[in-house]
Structures are given as structure tokens and as C-alpha cells.
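Please read the structure below before turning to the comments.
Read the numbers this way: they start at 1 and go in the same order the structure lists the ligands and their atoms.
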Amino acid sequence: MNSQTEQIYQGVLKRDPDEKEFQQAVYTFLLSVDKIIDELPDVTYHKVLERMVEPERVIMFRVPWTNDEGKLEINRGFRVEMSSALGPYKGGLRFHPSVNLSIMKFLAFEQVFKNCLTGLPMGGGKGGSDFNPKGKSDLEVMRFCQSFMTELQRHIGEDTDVPAGDIGVGGREIGFLFGQYKRIQNKFVGVLTGKGLDWGGSQIRPEATGYGLVYLSDAILEDRKMTLEGKTCLVSGSGNVAQYTVEKLLDLGAKVVTLSDSSGMIYDENGIDREKLKYIMVLKNVQRGRIKEYAEKYKGVTYIPRNPSEPNPIWNIKADYAFPCATQNEILKEDALNLVRNGIKLVGEGANMPCSQEAEAILTSSGVLLAPAKAANAGGVAVSGLEMSQNSQRVQWTREKVDSELKNIMHNIYKNISEAAETYSTKDNFIDGANIASFIRVARAMIAQGYV
Ligand code: NDP
């Protein structure tokens, strides 16, 4: 890195020495930006870069709630408002025991550039809580969401900050959060996205991240005369993004052989067909069960429990393409080496930052096409942006219209990141392409607005 970029990174290390995930996200971003910063016409780009790595605002609060036994519980709530350069803060809420400030900041940072790539007028933010919805009753989740929103409502608004879902926050939680916002503010507005279809939601929003991931990956493949048809795919996770990634892969004729959750993975040599996918959706979204039950239900399926100290077995299965859709850093060095050894040709990042920095370097230097999360999973927030537009106009578009808008947005993202890669870095380096294309646009807006 050149001395000024390095100085910015050292500043982050000094200010936030314990925020490993945030440091990782900033580092990868700076590595790309470093390739062009000295060629930009204006030294002010250095100055805004320094400001980009500092959130505009961080809100942390306590969330007191009562469990079903009548005992008092406490969790910590967060909202990181990273950048409003391009529009109101926009980004999901994550409820997971691992949530801390570092994870919130890394997600908010990534979100700024991802939202920029969609071309829609959205800034970036992220929030959540270390609350674990797993094993909680619906009423406990409801009481938690109501308490969480009782504080959050004073910081958000349809023109200020518009949260959505993420890990642990799906349709059920968005409903409870929206209801509480409405009670306190006495306003029925598009303050959250991912709402139910009957009360302000958009068609295709639940499907958008998974569908978008496959649309973008397909565009990359098509450009290289490659195809999804008849190819074997690995998918990790079994939540929202994983489910709709599998659905769209099936639509395009691919065969999916794996899924996972935080307890383990399944390998189904025969492929996960539509009927099996339907079973997973009920298992995960309604019964809130474990992926292990899939292996108990269907013949010829292998279940491997998760062992965090070993390489992830999912990435050691021979396949053509891989779609990590669970969580950050799920592909580490050894996993990347396994993928390369098994001849993987494309990795499409459905999750945010699923590859460690080392893993990314191994994959790209081995010629694996890597569709980075900022671009590849932008479909979710893109349709959230479309939900905001529909809410402002008080209309609801058809499924076909939203799907075709989503496809267009993902194709445009591919065009932008591949052109930026060719212009500023090397062909096919979509990590650089995504970082550089979005950096220039956010920086220009910040400079125009007085370096804020
Ligand atoms: P869900 O909560 O619906 O699903 C998450 C899945 O990942 C579950 O199967 C979960 O297992 C698994 N998982 C979570 N943490 C771990 C872990 N530490 N180790 C192994 N498996 C884990 O979340 P989403 O599908 O919405 O999100 C998945 C990823 O996609 C996240 O990185 C998120 O930030 C990203 N993303 C999501 C978007 C969206 O629109 N929802 C938009 C853009 C990005 P279990 O069932 O055991 O909890």
C-alpha cells in the first residue's frame, strides 16, 4: 500500500484495535483503492477516504425484555449509520449471539459500497443485537423486537434510515418491529423493508438476494461462454439467501448437492430438487428445525456435524461452482485450497465477507472467478430500494416487474464492476472492480457535499 493509504489503515488499527472484522473489511477495500488513489486528479480523495472509514454515527443501547418465565433479560442493540453520501442510511438488522460492534461496523462499511453499486439512492448502515432468536418462543421474539424498536425508533425514519432483515431477522421479526414503530410514531410509512405483501412489502424481496446472486453469477459465466446448466453447485447456509439461491439455480438447470447450518452440513449426491427444497423451507422457516433432519428424512444423504477447528467439509466436495450463503469467514485458507484442488471455477459470495483475505487471494490467483459480496448479494438491498420507491408512491408493482428490474440491476452491476476491473486493475478482478467503482462514486458525493 502507498504511504497515505497505509496511514489510514494504521489509524483504524490504532483507534479500533479489537475490531478484527472491521479491520479486515477496511483492509481489503484499501488494497483495491490503493491501485488508483494516486492517479485520481484530486488529493481530496485521500481526505475523504480517511473519513469513509469512520461511521457518521454509532448508536448502542440496552434492550431489556422479559422471557416466558417472567425473568428479566438484557441484550445489547446497535445501529451503525456509516454513510449518507448517496441517500438515507440503508442496511439490515442481524440478531445473532456473535453480534458486536466490530461485526456491525464491517457490515455497515460493506453496505455503503454495495448500495452504491445498485445505482439506487441509498446510503449505508447496519444494526442488530446479540439476541439469539434460536430456541425462543414467538412471544419472546415479539417482546424482544418491541423493546428493541422502542429505542431504535427515535433514530430511524423513511427519509433518514431504513433497516431491513439479515441473519436472524426475517418476515416474523420485521412484522413485530414495524408494528412497534407504527404504535410509537403513529405513522404507517416505509421505515423498514422486507415487510409482508399485505402491508407495504414488495414482491420478490424474500427471493431477491439469492436470485440476484445467481443472476450476477450467470452473467459472469455467460460472458465466458460458460453456463449453469447441468453443473454441480455447493451452497452453504440454509436460511433466506441459501434457499432462494438454490431455487434460482434449479430454475437455470444446475444441480445443488449441499446445504448447512451452524450445527453441520448435508451432502445429497442425488441433488436437492424442488420437493426437497420445499421441505427445507418449512423445516427452517416454520418449524425452525436443524439441517440434520434432512439427512434423516431422505435416503443417501450424508450429514457431517460442524467442527470449527477443522476445514469446512462443504468446500471439499467436488463441484463446478460454490455459493457461500451462511456467514462471514466461512471460507478460510485451507477451504480455498480444497476448492482449488477440486477444480472449482466460480465462487459467488451470497454471505457478506464469506472469504478470509488469504482465501480470496488463493482463489483469485488460481484463476477462480470470484463474484464479491458487495456486488453478488446486492440484489436484496436493490429490491429493498424498490420497496422504498413503491412505498413512497403508495403502489405495489407486479412480480414480473420487480424481477425484471432486479435482473437489470444485477446485469448493470456486472457491467460496472467488470469495466472498472479492466480499466483500473486486471480483467476478472471483480473485487477491485466493485471496490473501485463504488469508491469513486461515494467519494465524489462526499467531496461535493463539503467532505462530510
Ligand atoms: P438467515 O438467518 O436466514 O440464515 C443464515 C444461515 O447461515 C442459517 O442457515 C444459519 O444456521 C447459518 N449460519 C449463521 N451463522 C453461522 C455460523 N457462524 N456458522 C455456520 N452457519 C451459520 O440469514 P440470511 O440468509 O439472511 O443471511 C446469510 C448471509 O447473507 C449473511 O452473511 C447476511 O449478511 C448475508 N446477506 C443477507 C441478505 C438478505 O437479504 N437476507 C442481503 C445481503 C447479504 P442456523 O440455522 O443454525 O442459524
Ligand-protein N/O pairs under 3.5 Å (ligand 1):
{"unit_1": "ligand 1", "atom_1": "2 (O)", "unit_2": "G168", "atom_2": "N", "d": "3.0"}
{"unit_1": "ligand 1", "atom_1": "3 (O)", "unit_2": "N240", "atom_2": "N", "d": "2.9"}
{"unit_1": "ligand 1", "atom_1": "9 (O)", "unit_2": "S238", "atom_2": "N", "d": "2.9"}
{"unit_1": "ligand 1", "atom_1": "9 (O)", "unit_2": "S238", "atom_2": "OG", "d": "3.2"}
{"unit_1": "ligand 1", "atom_1": "11 (O)", "unit_2": "S262", "atom_2": "N", "d": "3.2"}
{"unit_1": "ligand 1", "atom_1": "25 (O)", "unit_2": "N240", "atom_2": "N", "d": "3.2"}
{"unit_1": "ligand 1", "atom_1": "25 (O)", "unit_2": "V241", "atom_2": "N", "d": "2.9"}
{"unit_1": "ligand 1", "atom_1": "32 (O)", "unit_2": "R94", "atom_2": "NH2", "d": "3.4"}
{"unit_1": "ligand 1", "atom_1": "32 (O)", "unit_2": "N352", "atom_2": "N", "d": "3.1"}
{"unit_1": "ligand 1", "atom_1": "34 (O)", "unit_2": "R94", "atom_2": "NH2", "d": "2.9"}
{"unit_1": "ligand 1", "atom_1": "34 (O)", "unit_2": "D166", "atom_2": "OD1", "d": "2.6"}
{"unit_1": "ligand 1", "atom_1": "34 (O)", "unit_2": "D166", "atom_2": "OD2", "d": "3.3"}
{"unit_1": "ligand 1", "atom_1": "34 (O)", "unit_2": "N352", "atom_2": "ND2", "d": "2.8"}
{"unit_1": "ligand 1", "atom_1": "40 (O)", "unit_2": "R205", "atom_2": "NH1", "d": "3.4"}
{"unit_1": "ligand 1", "atom_1": "40 (O)", "unit_2": "R205", "atom_2": "NH2", "d": "3.1"}
{"unit_1": "ligand 1", "atom_1": "40 (O)", "unit_2": "T209", "atom_2": "OG1", "d": "2.7"}
{"unit_1": "ligand 1", "atom_1": "46 (O)", "unit_2": "K284", "atom_2": "NZ", "d": "3.3"}
{"unit_1": "ligand 1", "atom_1": "47 (O)", "unit_2": "K134", "atom_2": "NZ", "d": "3.2"}
{"unit_1": "ligand 1", "atom_1": "47 (O)", "unit_2": "S262", "atom_2": "N", "d": "2.9"}
{"unit_1": "ligand 1", "atom_1": "47 (O)", "unit_2": "S262", "atom_2": "OG", "d": "2.4"}
{"unit_1": "ligand 1", "atom_1": "47 (O)", "unit_2": "R290", "atom_2": "NH1", "d": "3.3"}
{"unit_1": "ligand 1", "atom_1": "47 (O)", "unit_2": "R290", "atom_2": "NH2", "d": "2.7"}
{"unit_1": "ligand 1", "atom_1": "48 (O)", "unit_2": "K134", "atom_2": "NZ", "d": "2.9"}

Six-ring centre of Y279, K297 cation under 6.0 angstrom, axis tolerance 45°
yes
Requested in this report: Salt-bridge test for D268 and K299: reply yes if a basic N is under 4.0 Å from a carboxylate O, no otherwise.
Outcome: no
_Lys/Arg cation over aromatic Y294: K276, 6.0 Å, 45° cone_ = no
Exercise. Under 30°, 30 to 60°, or over 60°: which ring-plane class applies to F323 and Y321, parallel, tilted or perpendicular?
Worked result: perpendicular
* Less than 4.0 Å between a side-chain N and a carboxylate O, is that true for K407 and D218? -> no
Cation-pi check, K136 onto F131 ring (under 6.0 Å, within 45° of axis)
yes
